[in-house]
Every structure is written in C-alpha cells, then in structure tokens.
S.K.: 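Let me give you the structure first, and then I'll get to my questions.
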Amino acid sequence: MAVKTLTIDGKHVSARDDQTILQTAREAGIRIPTLCDLPGVGPLGACRLCLVEVTGVPKLLPACVTVVQEGMEVQTNTERLRRYRLMIVELLFAERNHVCSVCVANNHCELQDRAMEIGMTHSRFAYQFPKLDVDTTHGRFGIDHNRCILCSRCVRVCDEIEGAHTWDVSGRGANARVITDMNVPWGEAASCTSCGKCVQACPTGAIFRIGATVAELEKDRTQLSFIVNARENKQWLG
Amino acid sequence: MDTTDLLEIAERERAARTPRRLRCCTAAGCLSQNGQALKAALIEAVKTAGLTDSVEVVGVGCMGLCSQGPLVQVDPDGPLYEKVTPDQAPAIVAALNEPSAPADDVRVGDPTHPFFAKQVPVVLQNSGKINPERIESYIEVGGYQALCTAVREMQPLEVCELITASGLRGRGGAGYPTGLKWSTVAKTESDRKFVVCNADEGDPGAFMDRSVLESDPHRIIEGMAIAAYAVGASQGFVYVRGEYPLAISRLKTAISQARRLGVLGAGVFETRFDFRVDIRIGAGAFVCGEETALMRSIEGHRGTPRPRPPFPAAKGLWGCPTLINNVETLANIPAIVANGPEWFAGLGTGKSAGTKVFALAGKIKNTGLIEVPMGTTLRTIVEEMGGGVPGGGSVKAVQTGGPSGGCIPAEHLDTPVDYESLAQLGSIMGSGGMIVMDESDNMVDVARFFMEFCMDESCGKCVPCRAGTVQIHHLLTKLRSGKGTARDLDVLRELCEMVKQTSLCGLGQSAPNPVLSTLRYFHNEYDTLLNDPMTPATKPLQTSTETR
Ligand SMILES: Cc1cc2nc3c(=O)[nH]c(=O)nc-3n(C[C@H](O)[C@H](O)[C@H](O)COP(=O)(O)O)c2cc1C
Ligand code: SF4
Ligand code: FES
C-alpha cells in the first residue's frame with residue numbers, strides 16, 4: 001500500500017492511498033463540518049458541508065468521497081467555504097420544521113451542532129414549514145418527517161450494516177421522503193428487524209424512540225462504528 | 001454479410017422503386033396533425049387512379065418544417081406540399097400527370113427558402129428521405145457500409161483516432177471531445193464494457209433526438225456498433241424516455257431487423273466482434289439524463305446522480321468501463337467513418353467541428369428542426385431561416401441550452417453558434433433547444449419558468465439543489481409579484497452563486513444559469529419590479545411547468 005503526502009490548510013499530512021480527504025483531516029485533527037457522513041457506512045457526498053478547495057481544481061470537492069492524491073493542497077476553511085456552509089444550514093433550517101425547543105433531540109442534534117459551529121443565528125430564507133406526517137405505527141420507534149434532512153443515513157445503515165434495506169427514498173426534490181418498505185407504515189414493514197440502528201444513525205430528532213420527550217433523545221453513534229470495526233477488522237475492543 | 005451483400009440489397013431496393021414516389025412524413029409532429037389518415041388517403045387515391053404500379057406512397061421521417069405539417073414531398077424533384085389534409089389526396093395524385101404543375105389548392109413549400117437552403121444535413125441526412133421501418137431503405141443510401149469498413153478493415157484504436165481527428169464533441173450538452181472519451185474507455189482494461197446511447201432528451205422544447213430516432217433509427221445502431229467496436233464493448237443500451245413511444249417502437253423494429261441481417265449479434269459482418277443492443281425505458285425524470293443517474297436507472301435502482309470521479313469511463317454500469325454518448329453524437333459517427341475526419345472538421349469552426357441540430361421554438365415564424373454548420377450566426381438562424389418574429393415584431397432574446405442555459409440578448413445576434421462563443425455570453429450550446437423571445441416576454445418570468453422546472457426535477461439528493469431551487473423560485477415569485485426588496489435581489493444573487501458552486505450534479509450546478517444570465521443582460525427588468533411594484537404583468541404568471 002502506497003502512502004501519499006499532501007497539505008491540508010498548510011499542514012503537512014500523510015495518508016494511505018485509499019483514504020479520503022475527510023479521514024485524513026480527522027486523523028490530523030483538522031475539523032471539516034459534515035452531516036451526511038457517518039463512519040461505518042458508505043459515503044454519499046450529498047449534504048455538501050464538507051466541500052473543500054483543492055489548488056488547481058476549478059470545482060469544489062466533497063472531502064468525504066474524494067480520495068487523497070500525492071501533493072494535493074487542500075483548503076478546508078476559506079471565506080467562500082464558510083459562506084456556502086452557512087447557507088447550506090440556513091437552507092436546511094428553512095426547509096422543514098426544525099424548532100429545537102420542542103424537539104426530542106434538542107442538545108443532541110447534529111444539525112443544531114453544525115448550525116452553532118458554523119455560526120448561524122437565523123435563516124435568511126423563507127420558512128417553508130410543510131405539514132408532514134409523523135409515523136408511530138412501529139410501536140417502539142417513530143419517524144417525524146418534519147425533522148428529516150434526507151441525509152439517508154438510516155437508508156445506508158439499514159442496508160449496509162443490518163442488511164434489511166427497510167428504508168429507502170421516494171419522491172423527487174422537495175417531495176422526497178424516506179420510506180419504509182414499499183411506502184407502507186413502518187409498523188407494517190415486514191423487512192424491519194426492529195434493531196434500532198436507524199435511531200442511532202439519524203442525526204436529528206426525525207427517527208426517535210417512542211417515549212422520549214423534549215431533549216431526552218441521546219444517540220450513541222459509536223455503536224455503529226463498533227459493529228463495523230468488529231466485523232471488518234475482527235477487533236472487539238473500542 | 002459483407003460490402004457486396006450490402007451493395008446487392010441497395011441495388012435490389014433501387015430496382016424495386018416506382019418511377020414516382022410520394023414521401024409522407026410519419027414522425028410524431030406530422031402524425032399528431034392527422035398524418036396517418038393522410039397517408040391512408042394517399043394510398044387510396046393512388047389505387048383509385050390505378051397508379052399502384054408507378055406510384056408508391058412511402059412513410060418517411062421528419063422533414064424539418066414541423067409547423068407546416070403534415071408534409072408530402074413528390075419524388076423525383078416534385079413539389080413539397082404543406083399542411084395537407086386527407087381530402088386533398090386525390091388532387092395531389094391527379095397532379096402527378098403534370099410534373100411541372102403542382103395540385104391546385106394545396107399549399108406548396110419553397111425549397112429555396114433559407115430554412116431549407118442554409119441547412120447542411122449530416123445527422124438529418126436521411127431524415128424525411130428513407131423509410132425508418134425498413135433496414136433495406138437505410139442500406140440503399142449507404143447505411144452500414146461504415147460499420148462494415150470499421151470492423152473489417154480497421155483496428156479499434158484506429159477508429160478512436162479517426163474520431164479524435166474529426167474534432168467531434170459531445171452533443172449531449174457539455175461538448176466533451178468524443179474521441180478522447182472513446183480512447184479512455186478503449187484503454188481501460190476490463191473483460192466487460194458497455195456502450196450507452198443517451199436518448200433521455202428532457203430539456204423543455206427539445207426534440208432533436210426524438211426526430212433522429214423516429215426518422216433514422218438504424219443510424220444510431222450503426223453509430224453504437226462502431227463505438228462498441230472501437231472501445232471493446234459487446235453490450236449496448238439505448239436509454240429512451242418513455243414519453244417517446246414511436247421512437248421506442250422504431251428502435252425495436254430496427255434492432256430486430258439488424259439482428260436478422262447479421263449486422264448485430266454474434267460475429268458482426270462475419271468478424272469476431274459481437275454486439276447486442278437492448279432498450280431501457282426511462283420513467284420521465286429529467287435527472288435520469290445525467291450520466292451517473294442514467295446508469296443507476298439502467299441497473300434497476302433509483303435514478304440519482306453520484307459524485308464523479310469515478311467517471312463512467314472508469315467505473316460505469318455494474319462497475320465496468322462504460323461509454324455514454326448522446327443520440328446526435330452517435331448519429332454523426334457513420335458519416336465521419338464514411339467521409340473521413342477532414343471532411344467533418346471542415347464543416348464547422350476550429351474548435352467546434354461539424355453541424356448542430358436545433359429545435360426552433362417560441363416567437364418565431366418557422367418552428368421546427370434545422371441542422372446548420374457550427375459557427376452559423378444566431379441572426380442567420382433566427383431571422384433568415386426562422387423568419388423572425390411572426391407579425392414583424394423584434395427579437396428580444398434567444399434562449400439556448402434550456403434549463404441549464406441562458407438568454408442571449410438581441411444585440412449579440414451576430415454571435416457565431418459554437419461552444420466557446422455561447423459560453424462566453426453566459427449560455428451554453430446545450431442539447432439544441434432554441435427559444436426565441438420578443439418584446440412582450442418578461443425575462444423574470446422566463447427565469448422563473450426554468451427555475452420551476454429545475455425545482456420540480458431536482459432529485460432531492462443534495463441540499464443546495466433540493467432546498468436552494470425552492471428558495472430561488474420563491475424569491476423570483478416574490479419579486480415578480482412586486483413584493484421584493486433590493487435585499488431579496490442580493491440574497492437571490494448570492495444563493496444562485498452558491499447553488500451553482502456546491503450542487504452535486506450538473507442539474508443543480510446549471511440551474512441558476514437562466515437567472516444569472518437574465519440578471520446580467522436584463523437587470524432593469526428586475527429593478528423595475530423593485531422600484532415600481534405596480535408594473536402590470538405582460539402576461540399572466542405561469543403557475544405550472546408544461547412539460548412532464
Ligand atoms: C440534469 C442533466 C440532464 C441531462 N440530460 C441529458 C439528455 O437528456 N441527453 C443527453 O444526451 N445528455 C444529457 N445530459 C448529459 C449527460 O450527462 C452526458 O454528459 C452526455 O450524455 C454525454 O454524451 P456526449 O458526450 O455525447 O454529449 C444531462 C446532464 C445533466 C446534468
Ligand atoms: S444537483 Fe439536484 S439533481 Fe443533482 S444530485 Fe443534487 S439534488 Fe439531485
Ligand atoms: S459529509 Fe460530505 S457531502 Fe455530506
């Protein structure tokens with residue numbers, strides 16, 4: 001396996017030739033904001049928060065899917081990138097209903113964390129507040145589409161780790177929704193094993209444990225990477 | 001099957017020809033104007049006149065001037081009849097006795113009109129001339145000779161080099177050099193490779209690809225087979241949108257005829273080259289024209305784009321190297337192989353070789369399809385060929401590139417149409433839609449129309465495009481209703497830039513273009529809406545996208 005050297009924000013770093021810019025940056029202690037990325041499942045490159053500038057490349061590149069190259073010069077925190085990231089979280093907050101004060105995931109929400117990290121105080125965009133369903137037919141877990149940011153982590157975790165592929169996405173654009181089985185109520189989704197991995201994977205309060213009230217829903221994401229690590233590297237200690 | 005056999009088929013076909021022929025358009029445009037009944041009436045009239053031995057009525061593909069359809073052309077060298085109705089059939093047949101005098105009371109077209117005279121048909125060479133439902137009709141005009149030459153007399157890399165030398169660039173929108181794409185796939189090692197013809201044509205108002213598929217389907221199959229030989233693929237897919245039933249049925253017919261004749265299948269022209277073609281039908285999502293989404297769709301998944309690299313040439317269908325080309329790109333291939341790369345390069349301008357087919361629409365007299373050499377000016381196309389604005393109004397702008405393109409104002413009408421010049425003006429060549437606007441068109445409405453299209457067609461995967469197009473559309477609506485502020489205009493501009501720079505695929509990356517180009521050239525129309533909220537609407541706001 002070859003090793004590549006590159007610079008991220010001026011810092012010299014080395015990486016295995018199959019690592020992404022995001023993984024390399026994390027190892028070097030450089031923080032790049034992410035939302036759709038979830039260690040343990042395949043990358044998607046959809047939230048666009050992790051976009052970085054690479055010298056000589058006209059387009060911005062998503063750090064979570066871009067593999068390192070020898071001599072790459074990466075910038076992760078330019079004025080332009082900060083401006084775009086701010087707009088991305090503003091767009092997400094205006095898209096559905098993300099009123100934190102009445103959310104089960106308040107204080108434990110990655111969308112909220114990103115907004116604070118990026119310095120969002122309000123959204124300049126028109127709040128859409130579509131009236132979307134809340135499905136509690138499963139009995140133990142529920143999905144509140146008003147809180148969903150369509151990161152598809154639940155889809156990937158269910159498909160790649162649990163192997164059930166209960167979740168998927170249907171519809172286009174603003175009408176896109178995560179669905180269970182062939183768009184049946186979750187309680188009727190025959191493929192669901194009730195493993196609860198999607199609850200852990202969801203970055204917001206969209207997928208929740210029934211019974212949790214405001215600010216009570218803490219999520220344990222290390223559980224997912226623990227499973228993957230155990231399976232792939234045969235290591236059972238955290 | 002070899003060259004001699006092809007020549008024999010062509011000879012038989014010519015011998016069987018009747019002295020006179022009535023070519024009757026059976027492409028979707030004329031069919032929608034009662035073309036089928038007209039064809040039946042002509043056949044009946046020929047029978048009644050007892051002329052079945054000397055006159056044949058042939059259904060052919062599109063003749064271009066769709067606005068004047070149904071069209072009937074009398075061969076050889078007879079008149080072109082326009083807007084023909086079934087009850088005029090007997091008069092047309094009766095007039096056949098007097099070769100010089102056309103039938104009374106039937107409108108006759110003028111073949112010397114610039115609409116026809118300025119065209120240089122390469123892609124549309126056989127459109128409207130041959131019967132698209134008979135392979136013999138294609139072979140009669142030299143069809144499949146190029147494939148035969150390629151597989152029997154050339155090395156695959158030689159074919160790639162020939163296409164590179166021709167200077168052909170992709171007609172699907174981006175203008176990527178075709179030869180370079182081919183040699184990349186050819187040089188990527190793999191046991192399995194694929195060739196895909198992108199016939200998803202989703203731009204509102206564009207129907208170039210449909211016309212080629214309906215009028216000359218064998219040309220696409222020949223182009224694909226040559227491509228497959230050059231890159232080392234043995235399986236091809238044509239991805240056609242489901243809204244094109246006639247194109248699908250003609251392609252199906254063409255594929256089975258080609259297979260029967262040994263032009264497709266195992267041992268093409270008795271060589272060791274195998275190639276089969278299958279059709280995949282799209283379900284009406286614009287984004288499925290984007291190459292990575294298209295491949296997901298062929299694989300049977302939800303058609304959403306993924307980040308590139310890896311490009312399809314490295315990792316395409318089922319992870320194998322895949323060549324994706326547009327219909328019009330592939331339609332150029334047989335002609336380039338037959339006439340040589342120098343001939344093709346000589347047709348256009350330095351960096352944009354060959355011809356381009358455009359679909360003329362909007363405020364223009366002659367709507368329809370035209371094919372002109374690259375470098376023809378917009379003025380020639382719009383004013384001379386298209387006949388300008390009906391009723392003599394003046395052209396305000398020309399929109400090219402559909403929802404990914406921009407509006408070019410009238411003062412730039414002398415711009416030659418090539419990839420670079422259009423890009424410089426903030427538009428793109430795109431797939432070939434050309435919409436003409438006159439003084440009564442409000443440019444904010446135009447921008448809003450295309451934004452609504454992109455908003456509806458966004459796949460929803462990435463945030464900037466999914467949520468950004470909604471907000472851009474909202475801002476345009478707000479401005480248009482006179483409630484917008486100067487601050488809204490700033491946010492609009494900033495948001496457009498962000499969506500362009502950060503979206504995952506070409507749809508989102510180009511969705512702001514119609515807004516940005518109207519902001520660039522027609523800024524006053526946005527400003528007026530701010531300064532004077534009571535500006536009356538020149539036409540009612542469009543509330544729904546008409547296409548799809
Ligand atoms: C949103 C979107 C829609 C597209 N639709 C089409 C289409 O309908 N037909 C097409 O040939 N190319 C389309 N393209 C371009 C294709 O991705 C691809 O570049 C093209 O098929 C390559 O062929 P070419 O090199 O022959 O142009 C589309 C691209 C995007 C981003
Ligand atoms: S840019 Fe639009 S169409 Fe393309 S992936 Fe993003 S949401 Fe989907
Ligand atoms: S984390 Fe890379 S695009 Fe979302």
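Per chain, numbering begins at 1; letters A, B, ... match sequence-line order.
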S.K.: Is there a side-chain contact between A/L91 and B/V470 (heavy atoms, below 4.5 Å)?
M.R.: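 With C-beta onward as the side chain, the pair stays apart.
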S.K.: Just so I understand: if I count every heavy-atom pair under 4.5 Å between each of B/K461, B/R302, B/M455 and chain A, which residue has the most?
M.R.: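 Ranked by heavy-atom pairs under 4.5 Å with chain A, first place is B/R302.
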S.K.: Does atom CD (B/E189) have a neighbourhood of more than 12 heavy atoms from anything else shown, all under 6.0 Å?
M.R.: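 Count not over threshold, so no.
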S.K.: Considering only heavy atoms, which portion of B/R306 lies under 4.5 Å from any heavy atom of chain A: side chain, backbone, both, or neither?
M.R.: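 Neither part.
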S.K.: Give, as side chain, backbone, both or neither, the part of A/V67 having an atom under 4.5 angstrom from any heavy atom of chain B.
M.R.: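 The answer is neither part of A/V67.
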S.K.: Side chain, backbone, both or neither: which part of A/L51 has a non-hydrogen atom closer than 4.5 Å to chain B?
M.R.: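 The side chain, not the backbone.
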S.K.: Minimum heavy-atom separation for B/P464 and A/R48, please, with both atom names.
M.R.: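 Minimum heavy-atom contact is CD-CG, 3.5 Å.
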S.K.: Which atoms of B/Q471 are under 4.5 Å from chain A, going by heavy atoms: the side chain, the backbone, both sets, or neither?
M.R.: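 The side chain, not the backbone.
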S.K.: Just how far is it from atom CZ of A/R172 to atom CG of B/D456, taken to the nearest 0.5 Å?
M.R.: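 Rounded to the nearest 0.5 Å, the CZ-CG separation comes out at 7.5 Å.
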S.K.: Taking atom CZ of B/R466 and atom CG of A/N175, what is their separation to the nearest 0.5 Å?
M.R.: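 The CG atom of A/N175 is 11.5 Å from CZ of B/R466, to the nearest 0.5 Å.
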S.K.: Take atom CD in A/Q69; do more than 12 heavy atoms of anything else shown fall under 6.0 Å from it?
M.R.: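 12 or below, so no.
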S.K.: Between A/L61, A/L49, A/I88, A/V65, which has the largest tally of heavy atom pairs under 4.5 Å with chain B?
M.R.: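 Among A/L61, A/L49, A/I88, A/V65, the one with the most close pairs to chain B is A/I88.
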S.K.: Crowded around B/K315 NZ? As in, over 12 foreign heavy atoms under 6.0 Å?
M.R.: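 Not buried by this count: 12 neighbours or fewer within 6.0 Å.
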S.K.: Is atom CE of A/M182 surrounded by more than 12 heavy atoms (other residues, nucleotides or ligands) closer than 6.0 Å?
M.R.: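 12 or below, so no.
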S.K.: Who wins among B/V499, B/V491, B/L495, B/T469 for the most heavy-atom pairs under 4.5 Å with chain A?
M.R.: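 Looking at each option in turn, the highest pair count goes to B/L495.
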S.K.: Who passes side-chain hydrogen bond (donor to acceptor under 3.5 Å, both in side chains) against A/R85, sequence neighbours left out?
M.R.: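 side-chain hydrogen bond (donor to acceptor under 3.5 Å, both in side chains) list for A/R85, sorted by chain: empty.
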S.K.: Which one, A/V169, A/L92, A/L35, A/L60, leads in non-hydrogen pairs under 4.5 Å with chain B?
M.R.: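 Looking at each of A/V169, A/L92, A/L35, A/L60 in turn, A/V169 comes out on top.
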S.K.: Output the distance between atom SG (B/C462) and atom CG (A/L150), rounded to the nearest 0.5 Å.
M.R.: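 So the SG of B/C462 and the CG of A/L150 are separated by 11.5 Å.
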S.K.: Do you know which of A/A174, A/G45, A/A126 has the most heavy-atom pairs under 4.5 Å to chain B?
M.R.: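 So the answer, after comparing A/A174, A/G45, A/A126, is A/A126.
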S.K.: Between A/Q128 and chain B, with a heavy-atom cut-off of 4.5 Å, which part of the residue counts as in contact: side chain, backbone, both or neither?
M.R.: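 Just its side chain gets close to chain B.
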S.K.: Just one of B/Q501, B/E494, B/E497 clears the side-chain hydrogen bond (donor to acceptor under 3.5 Å, both in side chains) bar with A/Y84, so which one?
M.R.: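 Of the listed options, the one satisfying the test is B/E497.
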S.K.: Under 4.5 Å heavy-atom distance to chain A, tell me which part of B/L475 shows up: side chain, backbone, both or neither.
M.R.: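 The answer is neither part of B/L475.
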S.K.: For B/T304, is it the side chain, the backbone, both or neither that has a heavy atom under 4.5 Å from a heavy atom of chain A?
M.R.: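 Contact with chain A is absent: no heavy atom of B/T304 under 4.5 Å.
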S.K.: Which bit of B/P307 comes within less than 4.5 Å of chain A, counting heavy atoms only: side chain, backbone, both or neither?
M.R.: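 Side chain only.
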